[in-house]
Each structure stands twice: as C-alpha cells, then as structure tokens.
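Take a look at the structure below.
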2 protein chains.
Amino acid sequence: MARTPTTHDPFNAVAEPRRRQLIQAMGEEELSVNELVELLGWNQPSVSKHLGVLKQVGLVKERRVGRQRMYRLNAERLKPIFEWVAPFEKIWSERFDRLDVVLEKMKKEQ
Amino acid sequence: MARTPTTHDPFNAVAEPRRRQLIQAMGEEELSVNELVELLGWNQPSVSKHLGVLKQVGLVKERRVGRQRMYRLNAERLKPIFEWVAPFEKIWSERFDRLDVVLEKMKKEQ
DNA sequence: ATATTATATTCCTATATAGGAATATGTCAA
DNA sequence: TTGACATATTCCTATATAGGAATATAATAT
C-alpha cells in the first residue's frame, strides 16, 4: 500500500514542497495560471497539475474569466493542520505556564 | 519522480496519519515500543517502522533502557510546520485586524 | 547455554505519485 | 474560420512508500 492520496488529505497535499510554494505565492491575491508560471518560474503544466491537486483537496478555489482561470487560496482547509500542530507549539515556546496541564488537555482533545 | 522522502522532511513524515497518531500518543511522556503497541493496538513491526521514520527525520528521540527503547517526542522539529501554517490562521480567524498587513508580511517572509 | 522478552529488519507487493514531453481543449480576436 | 493565447490532460517512467509476514538481533533471566 502507498500513502493516502494527496487529493483527499490536506496534510498530504501540503507535504509536497512545490505545493506549499504555490499556496504561499497565492497568499492573499487571486492569480491566473500564467501569473503563477511567471512568479514561480516553473513550466505551465507543472503549475496546472499542482493547482489541480490543490483544487481537488479543496485548498484552492477556481474562477473562470475569459480564457483565464483565476485561483485563490481557501485557507480554511489549512485549519486541520494548524489545529493539529498548534498545541505542540507550547512545548518549544518559552511563554507557557504549567506544561503538564497543556499536555493533558492536548491528549484529551484527540 | 516520486515524493521527497518522509525521512528527510517533517511535512512529509507527518503526512502519514498513523505517524500523527504516534506523535500524539507520545505527547508528553516517554514511552516504550510495547507501551505504544498496547496504546494504539497496532502490531509491533508497524510501530517500530513508523518510529524508525520519525527518528530518522528527527521527530522523536530514542533512549535505550535494558531491552526496552524509550521514545519521546522532539517537538521542535514540528516548528517549521507550525511556522508555515500559522500565518494563514489569521485568514479564517475572526480576531484579526488589518488583513492586508498580515498578508503582506506573510508574502515578504517567504 | 537456553529460553524469554523486547524490538528491529528484511522481503515482498500494490499503489501513488512527480516530472517531462507532447498534445488536447477552450476562448477570444481578426 | 483561422490563428493566437491560456490552460488542462494524457502518456510515460522512476521511485518512494505502507503494510503484511517472517525473521533477525539484542538483552535479560534461569
């Protein structure tokens, strides 16, 4: 068996470095495929294919404008990742009180 | 070409759901392999193999005690994931001021 | 020395990619 | 309708798994 498909799980989709770049490149603004091609310097099919994966997993939304397709980030899909990793931040961060409580809560929550 | 190895990149290592479980199971306390086997209900080789990956990528530390091997989380290795995803939290969170500033900063930083 | 306990490793297989190259599809302009 | 532009898709291949089964290694006890 191989890994769970990138097209179903945000964790997996984001495990690919180029897709993280793509997500970050979009940031706030809606961009066309060509704008992303220029911005990132990849070839067009690469950009389209990675956008396809991100779209399937729901990390980006697409809007058609003439012959262009505008993509924008759907940041809420990143929420599960943030929520999974955030509790651990307490561990390496200096600013915490009562580590034991934090960790107990963390374990209870999942 | 396939994906970048799970043994080199925390994002990739954590893309596997069972490894996330494992990390969470360890949480605060150091646990032996057998304790993890019982806790998670997997077979022993599965636990050992996933621990092996986590160890290679630096997400856990191992300590030998007699015939046992005690594993504990090295949470700092999760920092890059937190730092990558955290800025996006501003987007879906209600409690933010001046989204434009946040996003501009986000883009500048990488 | 031998059995037992604890854990790691090896072998095998099905499968999911990521990237390159080439091509197809869709849309607009003249 | 023909060409140019914008984007998606298909085909191909090398490779990295994850899981199961069986086995190996290591350490302790008797």
Side-chain angles (χ1 to χ4, degrees), chain A residues 1-23 25-26 29-73, chain B residues 1-23 25-26 29-73:
Chain A
M1 229 176 253
R3 208 170 304 191
T4 41
T6 57
T7 44
H8 289 32
D9 174 30
F11 279 92
N12 231 314
V14 156
E16 169 58 42
R18 305 185 82 179
R19 280 197 288 269
R20 289 202 296 280
Q21 280 190 255
L22 208 38
I23 287 175
M26 283 187 286
E29 53 188 345
E30 203 179 39
L31 289 175
S32 71
V33 176
N34 258 352
E35 286 172 322
L36 284 164
V37 167
E38 284 178 30
L39 199 59
L40 296 167
W42 311 345
N43 57 53
Q44 177 266 312
S46 286
V47 174
S48 281
K49 276 191 278 190
H50 282 300
L51 283 172
V53 172
L54 292 175
K55 188 185 158 198
Q56 271 197 68
V57 77
L59 278 163
V60 302
K61 300 286 189 181
E62 175 208 272
R63 187 171 65 98
R64 296 170 194 226
V65 177
R67 44 187 144 179
Q68 299 192 109
R69 306 222 185 166
M70 309 301 294
Y71 285 89
R72 67 181 184 284
L73 177 60
Chain B
M1 228 174 254
R3 208 170 304 190
T4 41
T6 58
T7 43
H8 289 33
D9 174 30
F11 279 93
N12 231 315
V14 155
E16 170 58 40
R18 305 185 81 180
R19 279 196 290 268
R20 288 203 297 280
Q21 279 189 255
L22 208 38
I23 287 174
M26 283 187 285
E29 52 187 345
E30 204 179 37
L31 290 175
S32 71
V33 176
N34 258 354
E35 287 172 322
L36 285 164
V37 167
E38 283 178 31
L39 198 60
L40 296 168
W42 311 344
N43 56 53
Q44 177 267 312
S46 286
V47 173
S48 280
K49 276 192 275 189
H50 282 301
L51 283 173
V53 172
L54 291 176
K55 187 185 161 200
Q56 271 197 68
V57 78
L59 277 163
V60 302
K61 300 284 188 181
E62 174 207 274
R63 188 172 65 97
R64 297 170 194 227
V65 178
R67 44 186 145 179
Q68 298 192 108
R69 305 222 186 166
M70 309 301 292
Y71 285 89
R72 68 182 184 283
L73 177 59

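Just so it is clear: chains get the letters A, B, ... in the order the sequence lines come, proteins before strands, and each one is counted from 1. Values below: all heavy atoms of this structure, side chains included; hydrogens, waters and symmetry mates excluded.
In this structure, N34(B) CG and L39(B) CG are separated by 12.0 Å, a value rounded to the nearest 0.5 Å. Rounding to the nearest 0.5 angstrom, the gap separating the CG atom in L73(A) from the CG atom in L22(A) is 10.0 Å. Atom CD of residue E30(A) and atom CD of residue E62(A) lie 10.5 Å apart, to the nearest 0.5 angstrom.
As a whole-Å value, the separation of E38(B) CD from dA6(C) P is 9 Å. Taking atom CZ on R63(A) and atom P on dT7(D), their separation rounds to 13 Å, with Å as the unit. As a whole-Å value, the separation of D9(A) CG from dA18(D) P is 13 Å. The CZ-C1' distance, from R69(A) to dT27(C), rounds to 11 Å in whole Å. To the nearest angstrom, P of dA8(C) lies 8 Å from NZ of K55(B). Regarding K49(B), its NZ atom lies at a distance of 6 Å from the C1' atom of dG19(D), rounded to whole Å. The nearest whole Å value for the distance from the CG atom in L51(B) to the P atom in dA6(C) is 16 Å. When the P atom of dT27(C) is taken as reference, atom CE of M70(A) falls 16 Å away, rounded to whole Å.
For the pair N34(B) and dT7(C), the criterion of a side-chain N or O lying under 4.0 Å from OP1 or OP2 is met. Regarding contacts with the backbone of dG20(D), a side-chain N or O of N43(B) is found under 4.0 angstrom from either OP1 or OP2. At least one side-chain nitrogen or oxygen of H50(A) sits closer than 4.0 Å to the OP1 or OP2 atom of dG19(C). Between Y71(B) and dA6(C) there is no side-chain N or O to OP1 or OP2 distance below 4.0 Å.
Note on R64(A): nothing from the nucleic acid sits closer than 4.0 angstrom, heavy atoms only. Q68(B) comes within contact range of the sugar-phosphate backbone alone, with a heavy-atom separation under 4.0 Å but no base atom that close.
Using a distance-only test at 3.5 Å, with no hydrogens or angles considered, no donor-acceptor pair links the side chain of Q68(B) to the main chain of V65(B). Of the possible polar contacts, one joining the R20(A) side chain to the V14(A) backbone as a donor-acceptor pair under 3.5 Å is found.
When distances run from any side-chain atom of R18(A) to the nucleotides dA22(C), dG19(C), dT7(D), the shortest one goes to dG19(C).
In terms of polar N and O atoms assigned as donor or acceptor, the side chain of R67(B) comes within less than 3.5 Å of the base of dT5(C) in a complementary pairing. A donor-acceptor contact under 3.5 Å is formed by the side chain of Q44(A) with the base of dA8(D).
Taking for each of S48(B) and P45(A) the nucleotide of DNA chain C with the nearest heavy atom, the 5'-most of the two is the partner of S48(B).
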